[in-house]
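Here the structure is laid out as structure tokens; the discussion comes afterwards.
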Amino acid sequence: MNSPQTLSTSVCIVGGGPCGVMLGVLLARAGVDVVVLEKYPDFFRDFRGDTIHPSTLDLLFELGWLDEFLALPHNEFSTVGANIAGETIGVADFSHLHTHCKFVAMMPQWDFLNFLAEHAKRYPTFHLLMKTAATALIERDGRTTGVKAVGPDGELEIDAKLVVGADGRHSTVRALAGLTVGNLGAPMDVLWMRISKHRSDPRAALGVITTGHLLVTLDRGDYWQCAYIIAKGSYDVLKTKGIEALQQSIVEVAPFFADRIAEIDDWSKCSMLEVRVDRLEHWHRPGLLCIGDSAHAMSPIGGVDINLAIQDAVATANLLADTLAAGAAPSDDELGRVQDRRMFPTKVTQEFQVFIQNRAIDPLLHGAELKRPPLAARLFDEFPLLRRLPARLIGVGVRPEHVRTPDAYATQP
Ligand SMILES: Cc1cc2nc3c(=O)[nH]c(=O)nc-3n(C[C@H](O)[C@H](O)[C@H](O)COP(=O)(O)OP(=O)(O)OC[C@H]3O[C@@H](n4cnc5c(N)ncnc54)[C@H](O)[C@@H]3O)c2cc1C
């Protein structure tokens with residue numbers, strides 16, 4: 001049997017999602033040697049979070065990459081409305097945010113990740129290994145000192161001063177590290193699908209909510225990216241009723257889809273997102289740190305998951321880059337500072353999401369009659385100033401991060 005290929009680096013990041021790639025690019029830019037492992041051969045994943053929030057656009061501005069990014073094909077929206085019980089209500093208005101871009105950009109996640117990876121590759125210390133899955137941790141004297149992985153050429157052993165689990169909500173790293181996950185619960189799952197757009201369609205409202213139904217419709221130019229919210233665990237029951245039953249439910253809530261709902265003629269046209277709201281008690285142990293979805297899976301309410309994952313990456317780079325660039329391994333205290341910094345925004349956001357889930361979504365999915373929009377929604381509609389609050393929560397979030405890491409390759413004027 002061939003012995004595994006061995007590599008040595010400062011940081012081995014497991015997972016090439018928004019969190020892992022953003023951390024990789026920031027550390028490499030600061031002169032730190034980084035290996036990012038991604039188990040898939042490319043970034044192409046349909047129906048992943050495609051929202052780039054004003055706070056993330058601010059980060060791209062701080063990095064000097066914003067204009068280049070906005071030159072890529074994307075859509076923008078600066079207000080969010082919903083049709084609740086037949087009434088159209090304004091919910092969020094991003095146009096007053098104190099950010100460079102006063103809108104949310106919609107771009108396929110793989111375009112965003114390719115953009116980041118292309119920038120990262122300009123730094124000689126950035127190494128992205130695609131089609132390479134982490135399978136085990138290497139431990140020495142109670143400390144994680146690397147990762148075992150399987151790539152296109154066989155087994156690999158990567159020695160690292162720090163291993164970062166950025167491998168998403170079903171994280172292998174956090175399971176291997178034995179970190180304890182607390183589940184906050186979620187009453188729903190989400191079926192994602194795309195339905196073509198016609199010129200005669202009603203103007204974009206982000207959501208349509210009627211008794212028993214919740215449909216989110218994201219305007220993607222020539223099609224609607226739709227999220228149909230179903231009661232937790234009901235997907236298999238729904239399937240036994242046949243695809244026609246799903247078609248009918250969607251048309252009930254959005255009648256303008258009647259002439260093209262036949263596009264969803266098979267369950268393979270739907271992608272099921274099992275909604276989880278959870279977080280780790282401890283995000284780290286000696287030599288290892290989990291961030292992004294692997295530290296906290298968020299509810300899709302507000303579409304803020306990617307934002308939080310990216311903010312985690314920025315905070316991690318800000319707090320650890322100096323130590324890593326000096327060739328040292330971050331201490332457990334330093335890793336704890338990342339958790340301390342990011343736990344507060346995570347908790348506040350999750351508590352807010354759980355409140356909405358329990359107060360609004362759960363009753364609705366279980367048949368509570370919706371005769372008119374709830375009071376809070378009517379207030380938002382009546383007092384436009386109030387719409388700045390959800391805009392701030394969604395667009396910027398709690399305690400936004402800024403790029404504090406240097407560009408080690410910047411030429412001095
Ligand atoms: C169907 C769907 C729709 C979503 N819609 C939205 C939305 O509209 N808005 C929003 O904000 N968020 C949305 N999300 C959530 C959003 O995609 C995540 O919150 C966000 O991508 C988290 O980033 P992350 O980098 O922490 O994890 P992920 O994006 O999950 O990235 C983890 C990466 O690690 C890789 N990986 C896993 N295990 C290993 C391993 N052992 N070795 C190597 N690589 C590994 C995975 O392939 C993946 O690329 C959606 C998620 C899904 C599944």
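Along the sequence shown, residues carry numbers from 1. Order of listing sets the numbers, starting from 1, for every ligand and every atom in it.
- In this structure, T132 counts as a contact residue of ligand 1, since one of its heavy atoms falls inside 4.0 Å of the ligand.
- Between R342 and E401 a salt bridge is recorded (basic side-chain N to carboxylate O distance below 4.0 Å).
- Taking atom 41 (N) of ligand 1 as the reference point, the nearest protein heavy-atom neighbour is A134 O, 3.2 Å.
- The A309 neighbourhood of ligand 1 comprises atoms 22 (C), 23 (O), 26 (O), with distances under 4.0 Å to a heavy atom of that residue.
- Residue-ligand proximity, G15 to ligand 1, at heavy-atom distances under 4.0 Å covers atoms 33 (C), 34 (O), 35 (C), 44 (N).
- Close approach of ligand 1 to T172 (heavy-atom distance below 4.0 Å) involves ligand atoms 41 (N).
- At a heavy-atom cutoff of 4.0 Å, ligand 1 is contacted by no atom of F43, backbone or side chain.
- Applying the side chain to side chain contact (heavy atoms under 4.5 Å, CB included) rule to D33 yields the partners T9, S10, T125, H127; only residues at least two apart in sequence or on another chain are considered.
- Here the closest non-hydrogen pair linking S171 and S294 is CB-CB, 3.4 Å.
- Of the polar atoms of A133, none of the N or O atoms is found under 3.5 Å from an N or O of ligand 1, judged by distance alone.
- Looking at V304 against ligand 1, only its backbone comes within 4.0 Å, counting heavy atoms.
- Residue H96 qualifies as enclosed at atom NE2: its count of foreign heavy atoms under 6.0 Å is above 12.
- The aromatic ring centres of F103 and F77 sit 6.0 Å or more apart.
- At a threshold of 4.0 Å, the pair R220-D50 counts as salt-bridged, since one of the basic side-chain nitrogens sits closer than that to a carboxylate oxygen.
- Residues K121 and E118 are paired through a salt bridge, judged by an N-O separation under 4.0 Å between the basic side chain and the carboxylate.
- Of the protein's non-hydrogen atoms, the one nearest atom 6 (C) of ligand 1 is G49 CA, 3.0 Å.
- Listed by number with element, the atoms of ligand 1 under 4.0 angstrom from any heavy atom of C19 are 24 (P), 25 (O), 26 (O).
- The closest protein non-hydrogen atom to atom 28 (P) of ligand 1 is R48 NH2, 3.5 Å.
- Under the 4.0 Å criterion applied to side-chain N and carboxylate O atoms, R388 and D93 are not assigned as salt-bridge partners.
- The backbone and the side chain of D167 each have at least one atom closer than 4.0 Å to an atom of ligand 1 (non-hydrogen atoms only).
- Distance from atom 1 (C) of ligand 1 to its nearest protein heavy atom, with residue and atom name: F47 O, 2.8 Å.
- In the vicinity of G168, heavy-atom distances shorter than 4.0 Å reach the ligand 1 atoms 27 (O), 30 (O), 32 (C).
- Side-chain contact of H282 with Q339: a donor-acceptor pair under 3.5 Å is absent, judged by distance alone.
- The closest approach between any non-hydrogen atom of Q109 and ligand 1 is below 4.0 Å.
- Aromatic rings from Y40 and W110 are positioned such that their centres are separated by 6.0 Å or more.
- Counting non-hydrogen atoms of other residues, nucleotides and ligands closer than 6.0 Å to CZ of F352 gives a total of 12 or fewer.
- Within the cation-pi definition used here (under 6.0 Å to the ring centroid, within 45° of the axis), R29 does not qualify as a partner of Y123.
- Remark: ligand 1 and D50 share no N or O pair separated by less than 3.5 Å (distance only, no angle test).
- At a heavy-atom cutoff of 4.0 Å, ligand 1 is contacted by the side chain of L273 but not by its backbone.
- For ligand 1, the atoms sitting less than 4.0 Å from at least one non-hydrogen atom of V14 are 40 (C), 42 (N), 43 (C), numbered in the order shown with element in parentheses.
- Here's the thing with D305: one of its N/O atoms is less than 3.5 angstrom from an N/O atom of ligand 1.
- D333 has no carboxylate O lying under 4.0 Å from a charged side-chain N of R337, or vice versa, which leaves the two without a salt bridge.
- Under 4.0 Å is where a charged nitrogen must lie from a carboxylate oxygen, and between D278 and R276 at least one such pair does.
- Atoms of ligand 1 lying under 4.0 Å from at least one heavy atom of Y40, given by number and element, are 47 (O).
- Considering both main-chain and side-chain atoms, K39 comes within under 3.5 Å of ligand 1 through a nitrogen or oxygen pair.
- Salt-bridge annotation for R285 and E139: present, with a side-chain N of the basic residue lying under 4.0 Å from a carboxylate O of the acidic one.
- The closest non-hydrogen atom to atom 22 (C) of ligand 1, taken over D293, T135, V190, comes from D293.
- Looking at ligand 1, you'll find an N or O of P18 within less than 3.5 Å of one of its N or O atoms.
- Protein heavy atom nearest atom 31 (O) of ligand 1, with residue, atom name and distance: G17 CA, 3.4 Å.
- Remark: R279 engages E351 in a salt bridge, criterion side-chain N to carboxylate O under 4.0 Å.
- Heavy atoms of A166 found under 4.0 angstrom from ligand 1 belong exclusively to the backbone.
- Ligand-side atoms of ligand 1 in range of G292: 26 (O), range being under 4.0 angstrom from any heavy atom.
- At least one N or O atom of E38, backbone or side chain, sits closer than 3.5 Å to an N or O atom of ligand 1.
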